[in-house]
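First the structure, in the form of structure tokens, and then the observations on it.
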2 protein chains.
Amino acid sequence: MEEREHDIYRKFQDLLSSKGVKPSFQRLLILEYIIKNKNHPSAEMIYQQISKNIPTLSRTTVYNNLNLFVKKGILTTLKTSDSESHYDIVDKPHAHFYCSVCGRIIDIDLKMPFFSRTFIQGHKIEEVKIQFLGICKKCLQ
Amino acid sequence: MEEREHDIYRKFQDLLSSKGVKPSFQRLLILEYIIKNKNHPSAEMIYQQISKNIPTLSRTTVYNNLNLFVKKGILTTLKTSDSESHYDIVDKPHAHFYCSVCGRIIDIDLKMPFFSRTFIQGHKIEEVKIQFLGICKKCLQ
DNA sequence: ATTTAATATTGTAATGATTACAATATTAAT
DNA sequence: ATTAATATTGTAATCATTACAATATTAAAT
Ligand SMILES: [Mn+2]
Ligand SMILES: [Mn+2]
Ligand SMILES: [Zn+2]
Ligand SMILES: [Zn+2]
């Protein structure tokens, strides 16, 4: 609540404030975890990690804030074949590779098709998601 | 169990048999429903409809067979922001538009990028899914 | 045709991720 | 300080899906 908060405060407070979200300690840690670990965590993974720093943390707080971040356009959700939702920061557009063996969600940086389009066949596009399913490089060996 | 089965039997039995799935009456009706209604139904929607023809139908049967069809490559799942999984026939590759207003999943026929690729950045591709999120033509008016 | 084995369907109970809700704590406004 | 607004917490409920065991159906073997 003292030292660590200052480290991350400047980095993420602007992002949250610019989206109209008050940068509470819990929110900053949730955001920090998702951004620093590029592993597209689930709510439970986030809860488990941040509980170490905030032992009183509630799962409900994690869910509440993840939903809020998505609503505010700070995060986006990734739905895989597993039962949990995963979360990713909204930043540079990129695709994802879902490995059916290890379950990892891997960033795929490529020139996103349709990225600049605002309409398709009369429908207004607000977001484009491209996902590849298969077996990742590591699991192929 | 007599008349109707004959109508649809020829149409879908080959598909199921070719994938090593025995064409039971329930399975044929499930497949028929998904193919004829191009509305990407959920398990519950399928159950509600087919219950009218098979009053003894069990939800478990619907779930069992949907999972089987996916495993055999006959169907694919679509995960939206709503809590249910939706199902689509595996046929001509196409993208989907998810309308946040009416909740519909609309087929988008376009030349699918990455369709012919088998690898990306070392990862083996088995399936590509492209989804557009936004507001559909109808809901824009 | 009977018997036996394999597979499919059904019904109920359990699971597990997420949400609803009410209470408490914290922060901001007056 | 007081009051109002917002955030966090804990528990209970929801709801889609799965686990499991019993029954029914189909296919194979005798
Ligand atoms: Mn990502
Ligand atoms: Mn489709
Ligand atoms: Zn892998
Ligand atoms: Zn719509």
Side-chain angles (χ1 to χ4, degrees), chain A residues 1-2 5 9 12-13 16-17 19-31 33 40-72 74-87 103, chain B residues 1-2 5 9 12-13 16-17 19-31 33 40-72 74-75 77-87 103 105:
Chain A
M1 200 93 89
E2 2 52 65
E5 183 169 7
Y9 196 73
F12 303 122
Q13 100 176 122
L16 290 180
S17 298
K19 302 284 186 173
V21 176
K22 286 184 203 165
S24 72
F25 189 49
Q26 286 85 338
R27 286 173 177 167
L28 287 169
L29 286 191
I30 291 172
L31 199 59
Y33 178 79
H40 311 95
S42 66
E44 182 64 20
M45 291 165 69
I46 296 167
Y47 170 74
Q48 292 298 338
Q49 273 303 317
I50 302 186
S51 297
K52 297 175 183 172
N53 297 318
I54 314 176
T56 62
L57 180 69
S58 168
R59 275 190 185 80
T60 301
T61 298
V62 176
Y63 280 107
N64 282 347
N65 287 325
L66 289 173
N67 287 338
L68 177 67
F69 291 171
V70 169
K71 193 171 65 177
K72 295 290 188 173
I74 300 166
L75 298 182
T76 188
T77 60
L78 307 175
K79 312 239 175 181
T80 70
S81 56
D82 79 9
S83 47
E84 297 169 281
S85 284
H86 295 258
Y87 295 87
Chain B
M1 202 94 88
E2 3 50 66
E5 184 169 5
Y9 195 73
F12 303 122
Q13 99 176 124
L16 290 180
S17 298
K19 301 283 187 173
V21 176
K22 286 186 202 164
S24 73
F25 188 50
Q26 286 85 338
R27 286 172 178 169
L28 286 169
L29 286 192
I30 292 172
L31 199 58
Y33 179 79
H40 312 94
S42 65
E44 182 65 20
M45 292 165 69
I46 296 166
Y47 169 75
Q48 292 297 341
Q49 273 304 317
I50 302 185
S51 297
K52 297 176 182 171
N53 297 317
I54 313 177
T56 62
L57 181 69
S58 168
R59 275 191 186 78
T60 303
T61 298
V62 176
Y63 279 107
N64 282 346
N65 286 325
L66 288 173
N67 287 339
L68 178 67
F69 291 170
V70 170
K71 193 171 65 176
K72 295 292 187 173
I74 300 166
L75 298 181
T77 61
L78 306 176
K79 311 238 175 182
T80 71
S81 56
D82 79 9
S83 47
E84 297 169 281
S85 284
H86 295 257
Y87 295 87
I105 304 175

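Lettering follows sequence order; numbering is per chain, from 1.
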### Query
Going through the distances and angles, do B:Tyr87 and B:Leu78 end up as a side chain to side chain contact (heavy atoms under 4.5 Å, CB included)?
CA-CA 6 Å; B:Tyr87 295 87; B:Leu78 306 176; over 6 Å; no
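With DNA chain D read from its 5' end, the first of the two nearest nucleotides for B:Asn64 and A:Lys22 is the one closest to A:Lys22.
At the phosphate of D:dT17, OP1 or OP2 sits under 4.0 Å from a side-chain N or O atom of B:Ser85. When the side-chain nitrogen and oxygen atoms of A:Asn67 are compared with OP1 and OP2 of C:dT19, one or more of them lie within a distance under 4.0 Å.
Atom P of nucleotide D:dT8 and atom CG of A:Leu29 are separated by 11 Å, given to the nearest angstrom. Protein atom NZ of A:Lys79 is 10 Å distant from nucleotide atom C1' of C:dA17, rounded to whole Å. Taking atom CD of B:Glu44 as the reference point, atom P of D:dT14 lies 17 Å away to the nearest angstrom. B:Lys71 places its NZ atom 10 Å from the P atom of C:dA8, with the value rounded to the nearest Å. Regarding B:Met45, its CE atom lies at a distance of 13 Å from the P atom of D:dA16, rounded to whole Å. The nearest whole Å value for the distance from the CG atom in B:Leu68 to the P atom in D:dT17 is 17 Å. The separation between A:Ile54 atom CD1 and D:dG10 atom C1' is 16 Å, rounded to whole Å. One can place CD of A:Glu84 at 16 Å from C1' of C:dT19, the figure rounded to the nearest angstrom.
B:Asn65 comes within 4.0 angstrom of sugar-phosphate atoms only, judged by non-hydrogen atoms across all strands, and of no base. Heavy atoms of B:Gln26 sit under 4.0 angstrom from primed sugar atoms or phosphate atoms, though from no base atom.
For DNA chain D, the residues of residues 55-63 of chain A within the heavy-atom distance limit of 4.0 Å (strictly under) are A:Thr56, A:Leu57, A:Ser58, A:Thr60, A:Thr61, sorted by number.
Legend: salt bridge (charged side-chain N to carboxylate O under 4.0 Å, His left out) pairs involving residues 46-57 of chain B, not counting sequence neighbours: none detected. Applying the salt bridge (charged side-chain N to carboxylate O under 4.0 Å, His left out) test to pairs two or more places apart or on separate chains, none has a residue in residues 60-72 of chain B.
Here D:dT17 is the nucleotide among D:dT18, D:dT17, D:dT8 with the atom lying nearest to any side-chain atom of B:Ala43.
Every side chain to side chain contact (heavy atoms under 4.5 Å, CB included) that B:Lys22 has, sequence neighbours left out, goes to B:Arg27. Residues passing the side-chain hydrogen bond (donor to acceptor under 3.5 Å, both in side chains) test with A:Asp82 are A:Thr80, A:His86, sequence neighbours excluded.
Separation of atoms CZ (B:Phe69) and OG1 (B:Thr77) is listed at 14.5 Å; rounding is to 0.5 Å.
Across all strands shown, C:dA23 pairs with D:dT8; the Watson-Crick or G-U wobble distances both stay below 3.5 Å.
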What donor-acceptor contacts under 3.5 angstrom involve side-chain atoms of residues 55-63 of chain A, with partners at least two apart or in another chain?
from	atom 1	to	atom 2	distance (Å)
A:Ser58	OG	A:Thr60	N	3.1
A:Arg59	NE	A:Glu44	OE1	2.8
A:Arg59	NH2	A:Glu44	OE2	3.0

